[in-house]
Protein chains: 2
Amino acid sequence: MMMEKAERTEAGQTGHVARSDDGANPIAPQPDIPETGPAKRRLESRRKLMEAARRLFVERGYHATRPQDISREAGVGHGTFYLHFDDKLDCFLAFGDEAASELDVIIAAHLVSVQTLDDAVLEMLRGIFEYSRKNPGVLAAALTDISVLSTGEEVDRVVPADRWSLGWGRFLAEMQAKGHVAPDVDTTLAGYLIVGAIRQGGAYASLNGLDRDSTIEAMAKLFVRALK
Amino acid sequence: MMMEKAERTEAGQTGHVARSDDGANPIAPQPDIPETGPAKRRLESRRKLMEAARRLFVERGYHATRPQDISREAGVGHGTFYLHFDDKLDCFLAFGDEAASELDVIIAAHLVSVQTLDDAVLEMLRGIFEYSRKNPGVLAAALTDISVLSTGEEVDRVVPADRWSLGWGRFLAEMQAKGHVAPDVDTTLAGYLIVGAIRQGGAYASLNGLDRDSTIEAMAKLFVRALK
DNA sequence: AATCCATTCTGACAATTTGTCAACTAGGGA
DNA sequence: TCCCTAGTTGACAAATTGTCAGAATGGATT
């Protein structure tokens with residue numbers, strides 16, 4: 001058992017949020033996006049699978065989506081699915097990684113030129129809700145707790161929820177260093193708490209049709225108070 | 001489709017936390033715990049299944065546990081499982097309900113004669129962590145997000161996470177009425193945020209072997225600050 | 001105590017889903 | 001043109017799920 005899990009394959013290639021060629025680094029020769037040869041075919045199959053998987057996971061949920069459905073929706077053979085993913089869980093995690101990367105971009109954009117803790121928290125929440133509006137269901141799906149899906153072993157794998165939690169933790173630590181967060185706050189723990197709160201609160205808000213802006217404000221107020 | 005879902009069967013009968021005959025109501029003739037007849041057999045099968053399911057869900061997780069495993073572990077026929085539960089999800093939810101009831105009892109005990117918000121939050125967290133220590137893995141499993149497990153339809157069913165969130169919300173509303181919680185706090189939303197935070201934070205704490213007491217204190221401090 | 005009968009249990013079975021693999025295809029390079 | 005490697009394919013074996021006709025249990029009736 002515990003059979004190595006092989007290569008977690010060539011880092012994402014998100015497609016959607018692709019670096020928009022902002023001229024910053026004119027040297028880099030598109031590191032690993034082959035435009036030709038068999039590798040190109042492979043990448044195209046993967047992209048088709050990822051898009052189909054995303055559509056189905058969001059639309060039907062993890063369980064009601066079968067690998068064969070994904071293959072059919074992607075227009076590739078059933079066996080191809082297993083050439084790109086170990087199994088359904090691996091595919092789901094890849095989907096989560098993709099969403100995480102997309103959200104990271106949105107949030108980074110929101111954080112540009114923000115100074116106070118109040119603004120920062122507000123902007124991060126706005127970023128999250130904005131992404132959620134543009135990509136209904138994606139965040140909820142991506143934040144799925146891996147332990148539920150796991151077929152036993154593989155305790156490893158950093159899931160989006162952890163990634164985001166640690167991100168919030170680092171951010172709070174910075175804010176703490178600048179004196180914007182009370183010194184007695186355990187910033188790492190707080191990062192986890194906040195992500196948990198956002199997940200649960202976001203689900204509640206969207207299920208009950210709460211007003212987006214007032215929810216954001218209410219959440220921000222609570223977070224900021226807790227941290228100051 | 002949407003086939004009625006039949007009777008959500010005879011309310012739990014938790015076994016573990018059974019009402020301890022506190023003499024309060026000497027009349028009630030043990031409402032529905034038949035000590036004889038075929039109904040008794042049925043109840044015993046159900047109890048065996050519930051215990052086996054709990055053991056396996058906690059030990060192996062939802063996915064690695066198959067209905068046939070539960071039946072075997074319970075020592076009943078494979079078909080019996082389907083006489084007591086619609087399917088695996090239904091069984092899992094019954095397990096969650098059971099855990100929820102047990103935790104409710106523990107928390108109620110912790111809240112006896114508590115007056116201030118600080119103490120109340122602290123005691124609730126202590127209750128949760130105490131239960132978690134006595135029943136490793138049960139809470140994490142019970143708090144599992146249903147949307148992941150769902151096979152499509154059935155949006156309804158109140159899951160433990162919602163139940164607890166609403167409970168916290170009611171509790172906070174009471175505290176707010178007494179002036180212990182700031183009047184501008186949306187207590188319902190706060191209830192959800194807190195449960196989400198506890199879930200994520202608890203998982204983080206147990207995974208990283210954080211000290212129980214200091215985690216409780218750190219969490220309580222953040223919650224109280226947010227609410228006041 | 002023999003019989004009846006409603007309730008519950010059982011496990012073989014059909015239907016569905018998952019993951020594998022030998023054969024096949026595409027297309028760059030000699 | 002032919003070769004050769006990387007990639008694809010779908011039929012197939014294995015595993016799992018949910019059903020149902022028949023069997024068993026035990027209290028009630030005669």
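Here is how names work: the chains are called A, B, and so on, in the same order as the sequence lines, proteins then strands, and each is numbered from 1.
- Taking every heavy atom of both residues into account, B/Lys88 and B/Tyr62 meet most closely at NZ-O, 3.1 Å.
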* Asked: What is the per-nucleotide protein-contact pattern of nucleotides 14-21 of chain D, from the 5' end, where B denotes a base atom under 4.0 Å from a protein heavy atom, S denotes such proximity for sugar-phosphate atoms only, and - denotes neither?
  -> --SBBB--
Can you list, pair by pair, the side-chain donor-acceptor contacts under 3.5 Å of residues 201-209 of chain B, counting residues two or more places apart and other chains?
unit_1   : atom_1 : unit_2   : atom_2 : d
B/Ser206 : OG     : B/Ala203 : O      : 3.4

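- Minimum interatomic distance between A/Leu111 and A/Met124 (heavy atoms only, all atoms of both residues): CD2-CG, 3.7 Å.
- Atom CZ in A/Arg46 sits roughly 16 Å away from atom C1' in D/dA6 (whole-Å rounding).
- The separation between A/Phe85 atom CZ and C/dT20 atom P is 15 Å, rounded to whole Å.
- Computed from coordinates, the A/Leu89 CG to C/dT18 P distance equals 13 Å when rounded to whole Å.
- Atom C1' of nucleotide C/dG19 and atom CD1 of A/Ile70 are separated by 14 Å, given to the nearest angstrom.
- Nucleotide C/dT8 holds its P atom 8 Å from the NE2 atom of B/His84, rounded to whole Å.
- Closest of all the heavy-atom pairs between B/Ala220 and B/Leu125 is N-CD1, 3.6 Å.
- Considering only heavy atoms from C-beta on, B/Glu102 stays 4.5 Å or farther from B/Val138 through its side chain.
- As rounded to whole Å, 11 Å separates atom P of C/dT18 from atom CZ of A/Arg72.
- For the side-chain hydrogen bond (donor to acceptor under 3.5 Å, both in side chains) test, residues two or more places apart in sequence or in another chain that qualify with A/Glu73 are A/Arg55.
- To the nearest angstrom, P of C/dT18 lies 15 Å from CG of A/Asp90.
- To the nearest angstrom, P of D/dT9 lies 7 Å from CZ of A/Arg41.
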